[in-house]
Structures are given as structure tokens and as C-alpha cells.
Amino acid sequence: MPVVVRFAPSPTGFLHIGGARTALFNWLYARHSSGLFRLRIEDTDRARSTEAATRAILEGLSWLGLDWDGEVVHQFARAPRHAEVARALLASGRAYPCYCTPAELAERREKARAEGRTLGYDRRCRERDPRTVPAEIPPVIRLKAPESGETVIEDLVQGTVRVGNEQLDDMVLLRADGTPVYMLSVVVDDHDMGISHIIRGDDHLTNAFRQTQLYRAMDWQTPQFAHIPLIHGPDGAKLSKRHGALGVEAYREMGYLPEALDNYLLRLGWAHGDDEIISRAQAIEWFDIKNVGRSPARFDFAKLDSLNAHYLRQCDNRHLVELLRPFLEKLLGRAPDADGEVRLARGMDGLKQRAKTLKELAASAALYVRPRPLALEAKAAALLDRDARQRLARLGERLERAPAWSQAALESEVRALAKAEGVKLGQLAQPLRVALTGSTVSPSIFEVMEVLGRAEVLGRIKDIA
RNA sequence: GUCCCCAUCGUCUAGAGGCCCAGGACGGAGCCCUCUCACGGCUCAAACCGGGGUUCGAAUCCCCGUGGGGACGCCA
């Protein structure tokens with residue numbers, strides 16, 4: 001049987017981190033099995049669905065490198081088909097009209113809760129005499145679910161999960177206004193799209209029971225289920241906004257690389273031995289549902305950071321300069337000019353091993369594109385006492401005459417002066433760093449000098465002397 | 001309340017009865033390298049939720065408890 005999976009978000013918000021992982025697992029499984037990864041937008045909730053959210057989800061998936069096969073299916077457009085299935089069930093006697101009003105149901109539910117009974121619908125319309133039907137109430141259509149026995153699902157992650165049918169009530173298929181409910185739409189769409197494996201969040205596990213009953217009622221083959229554990233916040237509770245339940249675009253803005261986020265998400269609930277850094281190609285080769293863990297994982301920014309730092313170091317310098325552009329623009333108020341970008345590219349080796357995110361990288365890279373005179377950090381300025389300034393002035397004179405402007409040659413020059421003045425290298429290098437970068441922290445000061453060039457270095461030294 | 005699921009270092013996890021007085025990674029502590037900060041290298045601290053079984057032998061299997069999570073809509 002060919003593998004066809006789907007990612008089916010509802011467009012009521014951005015693509016959040018949990019959804020991103022579900023999409024990733026589906027995508028990986030499809031690519032691993034040479035199957036299809038379909039995308040379905042579940043927009044049947046007209047009040048909450050927005051075009052902007054759909055766009056954000058598509059963009060998020062693209063940014064993560066998760067491409068989908070075929071056309072995007074919009075669920076709402078298929079409502080007539082869903083209703084048709086419900087009517088077929090009604091015609092074959094496997095569904096029935098129910099005239100209980102929402103108010104009545106809520107009241108009974110409240111009563112049941114107070115008495116500690118099961119909350120489900122009591123099936124009172126199931127065997128109703130047609131002559132007692134209230135003409136003024138438009139009915140909903142409910143499924144005639146089995147009243148005894150049990151419904152069992154063989155879940156690829158959770159194993160065999162069973163529930164007594166007395167726990168499940170007769171779910172609504174069609175609302176009073178004739179529109180289908182989610183549970184029906186999902187089953188019909190998954191069937192019509194030929195979905196072979198449903199990989200989705202654990203929160204849908206109990207839905208799977210009802211959906212299985214629907215498949216049975218239609219005499220359709222049920223797909224394989226794989227309910228993956230949810231991602232929790234650092235406190236173990238549901239992932240909240242402040243704990244990382246953000247849209248993927250928020251991660252982009254924080255300066256994370258998509259490959260880092262993918263790698264991180266992949267390792268949340270899935271492992272391949274001791275491997276931590278896993279390339280896209282390896283992930284496709286190795287990914288299998290049976291390696292997915294059963295317990296929920298907590299979201300941890302520190303680990304994401306370290307992965308991001310790794311991929312940052314791995315990244316091509318020219319590419320990094322491009323990725324950095326929007327961050328620098330935001331930081332400096334304008335994009336770096338052509339000369340600036342050349343310096344950035346040349347200084348990138350030293351910069352990128354010191355940053356965890358593009359945002360941090362931009363902050364440290366700014367030293368190469370900021371115009372003179374540099375603003376000095378308070379802690380840095382404190383290092384520039386009278387002695388230091390005078391020494392720097394002498395260094396300036398020396399550098400003016402320096403025959404070569406390479407990192408190695410510059411190091412010799414600086415070391416020679418330190419020796420001549422009888423001070424340690426650090427006593428000269430740190431003030432120099434302050435003069436050239438405005439900070440006490442930077443890449444190798446000799447690398448900075450080489451990248452900045454003679455004129456700029458001399459200028460920056462003069463600025464503080 | 002009812003039903004379902006889960007349970008190894010702080011976190012992510014390896015572990016599919018003996019290879020485990022439990023391994024890796026992140027984070028933490030320390031040392032080395034060193035012009036600062038990083039990177040890198042080395043070292044250390046740190047876990048099988050509790051109790052019963054099964055077995056010659058259990059982190060691994062079963063039961064109970066406890067803790068956490070999820071689901072119970074004419075939302076998706």
C-alpha cells in the first residue's frame with residue numbers, strides 16, 4: 001500500500017511549534033517511504049479561519065523546508081461531499097435525526113457532571129417515534145454508534161488502545177444547519193485523499209475511537225494511526241506562549257535557522273541511538289514511526305540554542321551575510337553597504353563561532369559596519385586610561401609604517417610594541433579592542449584589524465586617543 | 001467526575017531480561033588552550049517515581065499506588 005500522509009492544520013493562527021513538529025514527522029515519513037505528503041487546510045470553522053493564517057502556515061512550512069505534494073485541499077470547499085456521506089448514513093439507517101436542542105444538551109451535561117456520570121449524549125432520539133417529531137426544530141444527524149463491546153485501535157506509537165463503547169456516545173455528524181462537523185469532515189477527507197497513515201498529536205487519540213466507528217459505519221478501511229506525544233512547556237504543563245508556543249516565524253525573527261529548528265524538533269520524541277546532529281538526508285533515511293517515543297517532551301531553548309550555534313558555524317559565510325541583512329537593518333537602521341558586506345564576509349569566520357542566533361551574530365557583526373566614531377560601552381571605556389591611550393597612540397604610529405597588513409604580521413607588530421613597552425600583550429590588546437570595537441569582547445583582535453583595514457584601524461585609534 | 005495515555009540525570013534521550021554499580025547530548029562545575037569572549041580538548045557532579053510480583057536474573061515483563069498529561073461541544 002502506498003504511503004500517503006497529510007498535515008491538516010486549521011487556519012486559526014500561525015504555524016506553532018507543535019504543529020511544525022507534526023508536519024515534520026509526516027513529511028519525513030512520506031519522504032522515507034517514497035510516499036506523498038499532502039496538505040489540507042481545515043477551514044470549516046468559518047468564524048475563526050483566516051486567509052492570513054493560511055498564508056502564515058504555508059510560509060512556515062516552506063521556511064522549514066517541508067514541501068507538500070499536489071494541491072492544497074481546503075476542507076470547507078468539500079462540505080457538500082461531507083454532507084452527502086452523512087445523508088447516506090441516514091438512508092442506510094446507521095445515523096438518525098436528533099431534535100435535542102443545544103440548551104437541553106448543555107443542561108443534561110451539567111446535571112451528569114454534578115452527579116458524576118458520563119457526560120455523553122443519552123441517545124434519547126435514537127429510537128424516537130417519527131410521529132412525535134417536533135416540526136419546528138431542525139434536527140442534527142447523529143451516528144448510531146455501537147452501544148456495547150469495545151472499539152480498538154492499533155496505534156503505531158501508543159500500541160493497542162481500547163475503550164468500552166459505553167464510553168462513546170452518538171456523535172453529531174451534521175449540524176442543524178446542515179453543515180458537517182469536524183469529525184465527519186476529517187474521516188471523509190482522509191478516505192477520499194487515500195490517506196494511509198494519520199500521524200498527529202496525542203490530543204487526537206480519543207477522536208480516533210469515534211473516527212474508527214465512522215469508518216466502520218461507512219465500510220471504509222481505517223488508516224494506520226500514529227499519535228505522537230505533545231510538546232510541553234519547561235514546567236511540564238501545556239506549552240504556553242511565553243514558553244515557546246510561538247509561530248515558526250517568531251523563531252525566524254529570534255534568529256534561529258530552519259535546519260536547527262528541524263533538527264531540534266526531530267529529536268523531541270524521536271531518537272536514532274546517540275546521534276544528535278542529524279542532516280536532512282540522514283533524517284529521511286533513518287526516520288521511522290516505530291522509533292517515536294511515547295512520553296511527552298518539554299521544550300528547551302538552551303538545547304535549541306546549542307543546535308543553532310552548530311548550524312550557524314556550519315553555514316556558508318556569504319549566505320550568512322545575506323541572512324544577517326534584515327537583522328543588521330533592524331539594529332542599525334539601515335542595511336550595510338557593499339564595502340560593509342565584504343568586511344562582514346571576511347570577518348564571518350571569527351564572528352560565527354561566537355553566536356548562538358542570527359540576532360546575536362548581528363550584534364557582534366555590527367562592529368564591521370558601524371560608522372566612526374564608535375560609541376564605547378561603559379565597561380570598555382573604563383579600560384582607556386591615560387597610559388592606555390598613549391600606548392595606543394604609539395601603536396598607531398607604528399601601524400602606519402607596518403609593511404604588511406595580515407593577521408600574522410599585525411600580531412607581530414602588536415607583540416613587539418608590548419615587549420618594547422614592558423607590558424603584557426593583554427594590556428595592549430584589550431585597550432586596542434576597545435578602540436576598534438567599542439567593546440571588551442570581540443573576535444581575535446588581529447583578525448578584526450585585518451578585516452577593518454589600515455585606514456579604518458588608524459582612524460578608530462585616533463578617535464579615542 | 002468518567003475514559004485514555006505517559007513515567008531513565010535539571011532537560012532531550014539510548015536502553016526492546018543478563019552487554020548497565022545505566023551510555024550520549026544540552027545545561028552546570030572545574031581544568032587546559034588563550035589578546036577578550038567564544039570555539040575546541042579533558043575531567044567531575046547528576047537519573048532507572050514507590051511498592052508488590054514473574055524470573056536463576058528486571059531500567060526493561062505484569063499488578064497496584066503516586067505523579068504528570070490528554071479527551072469528554074451542533075470547536076477544530
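Here the structure is a predicted model, which means the values were calculated and not measured. All chains are named by letter (A, B, ...) in the order of the sequence lines, taking the proteins before the strands, and each is independently numbered beginning at 1.
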*asked:* Mind checking if A:I445 touches a base, just sugar-phosphate, or nothing, with heavy atoms under 4.0 Å?
replied: base
*B:C39, B:A7, B:G24: which one has an atom nearest the side-chain heavy atoms of A:S295?*
B:A7
*Could you state the atom-to-atom distance from CG of A:D300 to C1' of B:G28 in whole Å?*
13 Å
*Touch class at under 4.0 angstrom, heavy-atom based, for A:R267 against every strand present*: base
_Nucleotide paired to B:C42 in any strand shown, Watson-Crick or G-U, under 3.5 Å_ = B:G30
_With nearest nucleotide decided by heavy atoms, which residue, A:K303 or A:R433, maps closer to the 5′ end of RNA chain B?_
A:K303
*With the sugar-phosphate defined as primed atoms, P, OP1 and OP2, and the base as all remaining atoms, what B/S/- string results for nucleotides 63-76 of chain B, 5' to 3', for protein heavy atoms under 4.0 Å?*
------SBSBSBBB
*asked:* Looking only at the aromatic ring of each residue, does the gap between the centers of A:W68 and A:F7 stay below 6.0 angstrom?
replied: no
*Side-chain N or O of A:R354 less than 4.0 angstrom from OP1 or OP2 on B:C39?*
no
*asked:* By the definition side chain to side chain contact (heavy atoms under 4.5 Å, CB included), identify the one residue from A:E456, A:M348, A:R346 that meets it with A:V451.
replied: A:R346
*Residue list, ring-ring contact (aromatic ring centres under 6.0 Å, His included) with A:W286, at least two apart or on another chain*: A:H272
_Rounding to an integer number of angstrom, what distance separates B:C9 and B:C4 when you compare their P atoms?_
27 Å
*Rounded to whole angstrom, note down the P distance from B:G70 over to B:C75.*
22 Å
*Report which part of the nucleic acid A:G269 touches: base, sugar-phosphate, or nothing (heavy-atom distance under 4.0 Å, all strands).*
sugar-phosphate
_Between B:G24 and B:U43 - P atom distance, rounded Å_ = 10 Å
*For B:C3, what is the paired nucleotide under Watson-Crick or G-U wobble rules, both distances under 3.5 Å?*
B:G70
_Same-atom distance (P) from B:C20 to B:C12, integer angstrom_ = 24 Å
*If you measure from the P atom in B:C5 to the same atom in B:C64, how many Å do you get, rounded?*
12 Å
*Taking the side chain of A:V163 as its heavy atoms from C-beta onward, which of B:U13, B:C3, B:C35 lies nearest to it?*
B:C3
*Taking the same atom, P, in B:C62 and in B:C21, what whole-Å distance lies between them?*
23 Å
*Does A:I278 offer a backbone N or O that forms a donor-acceptor pair with the side chain of A:N263 under 3.5 Å?*
yes
*Using the C1' atoms only, state how far B:C3 lies from B:G18, rounded to an integer number of Å.*
39 Å
_B:C61: pairing nucleotide in any strand, Watson-Crick or G-U under 3.5 angstrom_ = B:G53
*Do side-chain atoms of A:W405 reach the backbone of A:M449 as a donor and acceptor pair under 3.5 angstrom?*
yes
*Select from A:V157 and A:S306 the residue whose nearest nucleotide in RNA chain B is closer to the 5' end of that strand.*
A:V157
*How about A:F299 and A:Y264: are their ring centroids closer than 6.0 Å?*
yes
*asked:* Less than 4.5 Å apart, side chain to side chain, heavy atoms only: is that true for A:L432 and A:V448?
replied: no
*Sticking with atom P, work out how far B:C49 lies from B:A58, rounded to a whole angstrom.*
15 Å
*Does any N or O in the side chain of A:D305 come within less than 3.5 Å of the main-chain N or O of A:T357, such that one atom is a donor and the other an acceptor?*
no
When you compare the protein's N or O atoms with those of nucleotides 18-23 of chain B, which come within less than 3.5 Å of each other, and at what distance?
{"unit_1": "B:G23", "atom_1": "N2", "unit_2": "A:D274", "atom_2": "OD1", "d": "2.9"}

*With heavy atoms under 4.0 Å as the rule, sort A:P229 into base, sugar-phosphate or nothing.*
nothing
_Would the distance check show the side chain of A:R21 and the main-chain N or O of A:L268 forming a donor-acceptor pair, the cut-off being under 3.5 Å?_
yes
_Ring-ring centroid check A:F25 A:F287, cutoff 6.0 Å_ = yes
*From the options B:C35, B:G40, B:C26, select the nucleotide whose nearest atom is closest to the side chain of A:L425.*
B:C35
*Does a donor on one side chain and an acceptor on the other come within less than 3.5 Å for A:T179 and A:R175?*
yes
